[in-house]
Amino acid sequence: MADLPLLSIDVSIARESFLLECRLDIHGKCTAIFGPSGAGKSTLLDLINGNLSPDRGIIKLGKEILVDTSTQAFKAPYQRQIGWVPQDALLFPHLNVIDNLLFGHRRRRDSSHSSPSPHQVIGVLGLDRLLARWPRELSGGEKQRVALGRALLSNSKLLLLDEPLASLDAKKRSEILDLLDEIKHEFNIPIVHVTHSLAEVMRLADQLVLIDQGKIKAAGSIESLMGKADTPMLSDRRDAGSLLKLNDLTLVEGRPAVGLLEGQSLFLPLQAGEWRLPARALPLRVYVPAHEVILALEPPNGLSVRNKLACRIERLIPQTSQTMLVELAIGQQRLLASVTTAASEELGLRADLPVYALIKSLSLDVPAGRNLLSDSEHL
Ligand code: ADP
Ligand code: MG
């Protein structure tokens, strides 16, 4: 059954004045749960890992029932084979790093499914030099890496990460992002991570769950949710934009990288140099902010803009009192452009109209770009 969801959730829980009501199937290797502070993200993770029991409902991990209030079935956290990394990376203060790492590993040696070895995990997370240290001798980022390692080694069928980057500075954040990317590719363990950063979502996740005030607002693949002009919580943001997937990339030394988007070229703000493109980077994701896209009825001449994509208008949705969000189809992919209502009327924009989307290559963001530039050491 290829279609069996990783997690299937149908629960409600009341916490004082807060009510979480959620029906959700989670598929995919890496799912981001995205929403503002207080939305119920940590509560949802606590229901999955067994720290909380729902007032009503059922949660299944594959075929395994984790909790079912109708039959009073409830698996305790230690019975769930779920690795959980809370925001504050709790380590056992009386155990040094290696014993923290091996804590769950020893206890669950009986497990039948394969999981990464301590050697692999220590290597990927760069923990070799920390093994004899005590938690009080570690920085925030180091603690976070040990907590991740411990979760990876606990024979988990699923990794739950609660804002793994929130308490770190920008440099550490990008290091841990690289590591999570590595974990995603190295170890065959699905990840569900909570975040309120769209940048983190675009870098790591395949699937996206949008949650606000205890309710699921939308769920699906990240490209499909970001490409629609009416996705709650995304399309009304100032930085609303879409993610394009490039299936091919041409790199010529000293020239800008050129991606292939449904048969059309897209010039990227990456200069091809000594770096190589790891196969796993494809399809490459490119983020295009909607307010950076200009629409033209005719293919323009004499402009410095590199990217002129032939598209068709799928639909127009009012975004603010003065702007429209235009959903454009380029083959199967969707690109969003925001234009003023006045400009939209002047050009006569309407569904099915063929148009050209003009995008400066400098307006494009390649969330994994840094990884491409530095990847040679990993290969
Ligand atoms: P998020 O992780 O999205 O920021 P939480 O799941 O932590 O949100 O919290 C959702 C709501 O539940 C908040 O309104 C919060 O005040 C409330 N809440 C969280 N923990 C408790 C608790 N232990 N007791 C009562 N209410 C709680
Ligand atoms: Mg939280």
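Just so you know, ligand 1 is whichever comes first in the structure, and atom 1 is the first atom listed for that ligand.
Between Ala39 and ligand 1, a contact under 3.5 Å exists for at least one N or O pair.
Here the heavy atom of the protein found nearest to atom 7 (O) of ligand 1 is Ser42 CB, 3.7 Å. In terms of protein heavy atoms, atom 14 (O) of ligand 1 is closest to Phe18 CD1, 3.8 Å. Of the protein's heavy atoms, Gly38 O, 4.1 Å lies nearest to atom 13 (C) of ligand 1. Ranking protein heavy atoms by distance to atom 22 (C) of ligand 1, first place goes to Arg15 NH2, 3.4 Å. Distance from atom 8 (O) of ligand 1 to its nearest protein heavy atom, with residue and atom name: Gly40 N, 3.2 Å.
Side-chain atoms of Ser156 come within 3.5 Å of backbone N or O of Ala151 as a donor-acceptor pair.
Gly214 does not count as a contact of ligand 1, since none of its heavy atoms falls under 4.0 Å from the ligand. Not a single heavy atom of Gly35 sits closer than 4.0 Å to an atom of ligand 1.
At a threshold of 4.5 Å between non-hydrogen side-chain atoms, the residues Ile222 and Val201 count as touching. The closest side-chain heavy-atom distance from Leu208 to Ser221 is not below 4.5 Å. Lys228 has its side chain within reach of Glu327: a pair of non-hydrogen atoms, C-beta onward, lies under 4.5 Å apart. Between Leu131 and Leu101, some side-chain heavy-atom pair lies under the 4.5 Å cut-off.
Only the side chain of Glu16 comes within 4.0 Å of ligand 1, counting heavy atoms alone; its backbone N, CA, C and O stay farther away. At a heavy-atom cutoff of 4.0 Å, ligand 1 is contacted by the backbone of Pro36 but not by its side chain.
Of the residues listed (Asp99, Val97, Ile98), the one engaging Leu95 in a side chain to side chain contact (heavy atoms under 4.5 Å, CB included) is Asp99, and it is the only one. With Pro164 as the partner, the side chain to side chain contact (heavy atoms under 4.5 Å, CB included) test is satisfied by one option alone out of Leu177, Leu179, Leu180: Leu180.
Looking at Glu64 and Arg80, no side-chain N of the basic residue comes within less than 4.0 Å of a carboxylate O on the acidic one, giving no salt bridge.
Distance check for atom 20 (N) of ligand 1: a protein heavy atom is found below 4.0 Å. For atom 10 (C) of ligand 1, a protein heavy-atom neighbour is found at a distance under 4.0 Å.
Under 3.5 Å, the side chains of Ser12 and Glu21 contain no donor-acceptor pair of N or O atoms. A side-chain donor from one of Glu163 and His196 sits under 3.5 Å from a side-chain acceptor of the other.
Which parts of ligand 1 touch Thr43 is read off a 4.0 Å heavy-atom cut-off, strictly below it: atoms 5 (P), 6 (O), 9 (O), 10 (C). Close approach of ligand 1 to Ser37 (heavy-atom distance below 4.0 Å) involves ligand atoms 4 (O).
The Mg ion (ligand 2) has Ser42 among its coordinating residues (N/O/S atom, backbone or side chain, under 2.8 Å).
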